[in-house]
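Down below is the structure, laid out as structure tokens.
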Number of protein chains: 2
Amino acid sequence: MRTVDPAKHEAKRRAILDAATMCFAEKGFEKTTTAEICRAAGISTGSLFHYFPNKRAVFVGIFEQDGDETAALIAAAEEIGDPWEAILHVVGYVSEQVLNPLAAKLVLEVAAHCARDTELAELVQGNDRALRDALIGLVTRAVEAGRIDPGIEPGTAASWLVALIDAPLSRVILDPDLDPAAELAVMKTILTRFLRPVLPISPPPGGEVSDTGGISPG
Amino acid sequence: MRTVDPAKHEAKRRAILDAATMCFAEKGFEKTTTAEICRAAGISTGSLFHYFPNKRAVFVGIFEQDGDETAALIAAAEEIGDPWEAILHVVGYVSEQVLNPLAAKLVLEVAAHCARDTELAELVQGNDRALRDALIGLVTRAVEAGRIDPGIEPGTAASWLVALIDAPLSRVILDPDLDPAAELAVMKTILTRFLRPVLPISPPPGGEVSDTGGISPG
DNA sequence: GTCTATATAACGATAGAC
DNA sequence: GTCTATCGTTATATAGAC
């Protein structure tokens, strides 16, 4: 019987990441000290550096974990028969997470750091791309099913679906009384109206419709 | 003749803020040293602390300045006769700024810090609120003019207009090849389709329209 | 008002016993 | 593998000459 138990090692690593996630979300990367992470995880300085080479590696580890969760979400969405419902599920699920203030703080923190850490940026971009690629597939199917305007390029639609999730971030941070359910409802309205097929137009009583809100080619 | 020239003092203060803006955008708040700001501004450490009590005050000063610029934008928008055009102008103008990578980095940096600095958060929220209030007025007028769906509450519409500006932030950071003009075009499509009056529906050939993308009351 | 020089504090990471 | 103790570095802000 070996004393080195890989499962136990991995479990402890994850426990440290969980503790660090809270610290980073609350105080940000640079204002979180390694000592605080250790205290939160119930270990000592020496131990932390046994599991991670440095503070940055702890931060990066959090978003490697997040990539696994995104993959699971995508797999679950593929099981949903109706592509439009699958899109709503994916966007709704991630949005709900981001509407939590603590999660929102962490998202803003990692975004700010991606601007200055190319390696971290590539990791996060990989996670985003996985989500986007899955949505491209769902959008394509939804277009074929007549549920989404064929005039919208699936890549563009998917990119903006991901982007829309980030839209309320500032307000989540600035307004503590924000109602997540209400935000989610408006978000659903926006993406429904954005993507739905353009209905045949019966001319309105007293006016011209000069702009149909379509995406001009080119 | 006094040697203390308030105008010159103010000019130097602004020069420091301009230099600091670049530093903070490129490296973030904590990784920017006061020495770097001084070098960029062409002054010495001693001088910096003559104009600002501490590093944070320099950072905060940048967003006080930004509030003035927002006020000017709002004043210009009020001059535009057509409220819908005024809305497009305001959203387009701010979006264009945010689509610049350097500006985007600074926006993410300040957002991340607002999550942990209530005083800074109140300042930024004040700037946001001014923009939102102006948009509420414009939306209300646009609804009266039949250009916006009366089923959408102006406060909700205005909040989301401001939020939509932030939506592409992540991609501005992660994708250096992003085309600002293309993003702006899609943004315009989204807000047009989101806000435009619901046209009378002639039933589509072979299907039911179960969800019209409206905002349910309550 | 502007400079140089520096006091003071804090933090990340390591050394080395057990 | 975990701990305690501590080293080396770095940065903010101040002191005080000019």
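Salt bridge annotation for A:E119-A:R56: present, with a cationic side-chain nitrogen under 4.0 angstrom from a carboxylate oxygen. A salt bridge links A:R193 and B:D149; the closest N-O separation between the charged side-chain nitrogens and carboxylate oxygens is under 4.0 Å. A salt bridge links B:D82 to B:R147: one of the charged nitrogens lies within less than 4.0 Å of a carboxylate oxygen. Salt bridge annotation for B:D166-A:R171: absent, with no cationic side-chain nitrogen under 4.0 angstrom from a carboxylate oxygen. Using a 4.0 Å cut-off between a side-chain N of Lys or Arg and a carboxylate O of Asp or Glu, B:E26 and A:R116 do not qualify as a salt bridge.
Side-chain contact between B:L195 and B:L161: present, with at least one pair of heavy atoms (C-beta onward) separated by less than 4.5 Å.
Atom CG of A:L48 is separated from atom P of C:dA13 by 9 Å (rounded to the nearest Å). The distance between atom CZ of A:R39 and atom C1' of C:dC11, rounded to the nearest whole Å, is 13 Å. Nucleotide D:dG1 holds its C1' atom 9 Å from the NE2 atom of A:H9, rounded to whole Å. The separation between A:E10 atom CD and D:dG1 atom C1' is 16 Å, rounded to whole Å.
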Generate the contact string for nucleotides 2-18 of chain D. Rules: B means base contact, S means sugar-phosphate contact only, - means no protein heavy atom under 4.0 Å.
SBB------SSBB----
